[in-house]
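Below you'll find the structure, written out as structure tokens, and then a few comments.
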2 protein chains.
Amino acid sequence: MKKRITIHDIAKMAGVSSATVSRVLGNSTYPVSAKLRDKIVKLAEEMHYIPNMIGKQLKTNNNMTIGVIIPTISNPFYASVMLGIEEVARKKGYHVLLGNSLQDGKIEEAYLTTLFEKQVKGFIISSISDNKKLLMNLIDLGLQVIAIDQKIDLPEVQQIEFDYRRGGFIATSHLLEQGHRRIAYVSAPLNRPSRQSIYEGFLDAMQQAGAQDDEVLVQIANEEKEIYDGIYEFENGKALTANLMDLDQPPTAIFACNDLTAFGVMNELVARGLKVPDDVSVVGFDNIEYARMFTPALTTVKQPNYEMGKLACTMLLDKLNDEAGDSMDVLLQPKLIVRDSVGKL
Amino acid sequence: MKKRITIHDIAKMAGVSSATVSRVLGNSTYPVSAKLRDKIVKLAEEMHYIPNMIGKQLKTNNNMTIGVIIPTISNPFYASVMLGIEEVARKKGYHVLLGNSLQDGKIEEAYLTTLFEKQVKGFIISSISDNKKLLMNLIDLGLQVIAIDQKIDLPEVQQIEFDYRRGGFIATSHLLEQGHRRIAYVSAPLNRPSRQSIYEGFLDAMQQAGAQDDEVLVQIANEEKEIYDGIYEFENGKALTANLMDLDQPPTAIFACNDLTAFGVMNELVARGLKVPDDVSVVGFDNIEYARMFTPALTTVKQPNYEMGKLACTMLLDKLNDEAGDSMDVLLQPKLIVRDSVGKL
DNA sequence: GTGAAAGCGCTAACAG
DNA sequence: CTGTTAGCGCTTTCAC
């Protein structure tokens, strides 16, 4: 293991001062004679000089890295967001640190503090904790934060959200337009604002259509298990659908709070010998890749997650570089993706 | 935005030297009187002291972060690996930087160099580049590397691989055991060793069963498109299956090189009015979460990807801390997951 | 048990 | 144009 070469080594060899070397190798705009410049560049190459960014960071107090904290990367929704974030970060010379909070506020806070100690000045968070104190302290110390998907109620935090309520509305409207009246909403617990909003969108549409109370079927799980993968959602969809279909008057259409849950819904229906969409129609939410691969292909509501990642990162880097225009919040609009899981009644 | 507090500030307030403060706050084992210790700890808390790890890093030349470079986090296989990596890293106080190489050797190399400049000393890579020169240089300078999934042919690099060949073998054997003879293998281009190995495993099993040449059907795509998501694999599965079923004597079973491709296979079969597994049996490879959610649930070969992530990270951290026993390579064994997509002939 | 001082690798006033 | 110098925040000998 060789000794690492520093600008001082180069300076000594070139017979110049380390300041000159720094100016050349650090692409400073500072004037240096062509002769010296060449000499230094050549020497650096020969010696395989590799700059030590830690030294630079300590001096300039600017490390080009941002932090991303999400519930779990194993959820394809966040994987997509992450891909978008990383892409714009890379193109602007930033690196991305990933933290999975696993729905645990303690882990989220630990990441916030330890990364801030490493001088990470920008974060993109899908927050799970409602403890604003730590975040406020850090923002006071110069931290920049973009909240995605889950709102963080602080004026300094910029929000990028989906219009979940509208998403719930258009999905339900689609079902109504196809003639369905007895429509069920199937969901994980409403402990996240997003789920609450989709539910409200569902109710909006049903109410607007003048639905009777007995036509509005709702199945919401009581408790949520760990979310290391999509299995909980799937099982939840199955279980709640079982409840629904055991009813005297089962629904003719089911709207699920996300695609994973919709997969569970369809699975249970098929297990009972029912056909989708002939016997029961199903609509999902998220438009993960697999929605189009399923048979029947799932009609669902698309959230622009990859785009959300790109947008979030762009906004964050702008803020970090003081290029932030008016710091506006963004509400991304959903889009209905019609496939084969909904039939006319 | 407040000024940041340093150990010198604390030292001044406490009327001690910064060395003493460092000893207390850095949990050094160095003896400090209980009186001073208390005073300093209390003061640090009151002043909301936050250590600057960059200073520490410059001195100790040890930043607790590792780098992960994979083709794309939007592939659920890698998302799972990443989750495993991050979990053990977090528990040992490390942070994880994520880089998506997008199958581009240039991007991979750029990550390698820029992260190394940031003094990242440990990497977990699913490599796409075959340019060993850069990697060798960095290893010479103290870099530690674990290769996952894709082998890197350097003695200093520890390998964690899957036994793809055996996976291909057991999947095919399963089909043979169910009485199938005309079995097709459907794959993306064999430009990655993993795909080549699965294919070899397929041939092993067919040969061992004494299959006639005309019973061994092979469909391999010519070229691969971008892999930002799973769509290519899906479409590829559809297209190659179409070729297969247009044959005079189509196969009774199809083995796909991964689950995404298998989804495409099933989709095409259903589109042609064929039933799985009644008319044609299908086996996948990977056991991604969605395999069990599909109808029919996909019989497939499980790769322990989450476990691979945990193992890779454990091995890397051991190496970084010189706790590496004999640096052994690992060949993780596959397991057949029997579900509902294969029928007896 | 405590402090003084050097220095990790780099940048940036300032002086020449 | 180039060099000298100070210092970013921290740890760690070494001396007391």
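Every chain is numbered from 1 and lettered A, B, ... according to where its sequence line falls, protein lines coming before strand lines.
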Run the ring pair (Phe, Tyr, Trp, His ring centres under 6.0 Å) test against A:Tyr111 and tell me which residues pass, sequence neighbours left out.
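Ring pair (Phe, Tyr, Trp, His ring centres under 6.0 Å) check on A:Tyr111 returns B:His95.
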
Answer yes or no: is there a donor N or O on one side and an acceptor on the other, between the side chain of B:Asn100 and the main chain of B:Leu102, under 3.5 Å?
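Checking the backbone N and O of B:Leu102 against the side chain of B:Asn100, no donor-acceptor pair under 3.5 Å is found.
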
My understanding is that only residues two or more places apart in sequence, or in another chain, count here; which of them pass salt bridge (Lys or Arg N to Asp or Glu O under 4.0 Å) with B:Lys42?
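None.
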
Taking only residues two or more places apart in sequence or in another chain, which ones pass salt bridge (Lys or Arg N to Asp or Glu O under 4.0 Å) with B:Lys91?
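Per chain and number, B:Lys91 pairs via salt bridge (Lys or Arg N to Asp or Glu O under 4.0 Å) with B:Glu87.
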
In chain order, what residues pass the side chain to side chain contact (heavy atoms under 4.5 Å, CB included) check against A:Lys106, with sequence neighbours excluded?
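With sequence neighbours excluded, A:Lys106 shows a side chain to side chain contact (heavy atoms under 4.5 Å, CB included) to A:Asp104, given in chain and number order.
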
Check side chain to side chain donor-acceptor pair (under 3.5 Å) between [X] and all other residues, then give those that pass, not counting sequence neighbours.
| X | result |
| --- | --- |
| B:Ser28 | none |
| A:Thr20 | A:Ser17 |
| B:Asp329 | none |

Pairs under 3.5 angstrom only: tabulate donor-acceptor contacts from the side chains of residues 46-60 of chain B to other protein residues two or more places apart or in another chain.
from	atom 1	to	atom 2	distance (Å)
B:Asn52	OD1	B:Ile54	N	2.8
B:Thr60	OG1	B:Lys56	O	2.9

Axial bend angle, the helix from C:dG1-D:dC16 to C:dG16-D:dC1: five-pair end segments, nearest 10°:
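For the helix from C:dG1-D:dC16 to C:dG16-D:dC1, the axes at either end differ by 40°.
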
Segment of DNA chain C, first to last nucleotide, that comes within the 4.0 Å heavy-atom reach of chain B:
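So the contact region on DNA chain C extends C:dG1 to C:dG9.
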
5' to 3', nucleotides 9-16 of chain D under a 4.0 Å protein heavy-atom cut-off (B base, S sugar-phosphate only, - none) gives BBBBBB--

Compile the donor-acceptor pairs under 3.5 Å between side chains in residues 124-133 of chain B and protein atoms, sequence neighbours left out, one pair per line.
from	atom 1	to	atom 2	distance (Å)
B:Ser126	OG	B:Tyr78	OH	3.1
B:Ser127	OG	B:Glu108	OE2	2.7
B:Ser127	OG	B:Ser129	N	3.4
B:Ser127	OG	B:Ser129	O	3.2
B:Ser129	OG	B:Glu109	OE2	3.2
B:Ser129	OG	B:Asn131	N	3.0
B:Asn131	OD1	B:Lys133	N	3.0
B:Asn131	ND2	B:Glu109	OE2	3.3

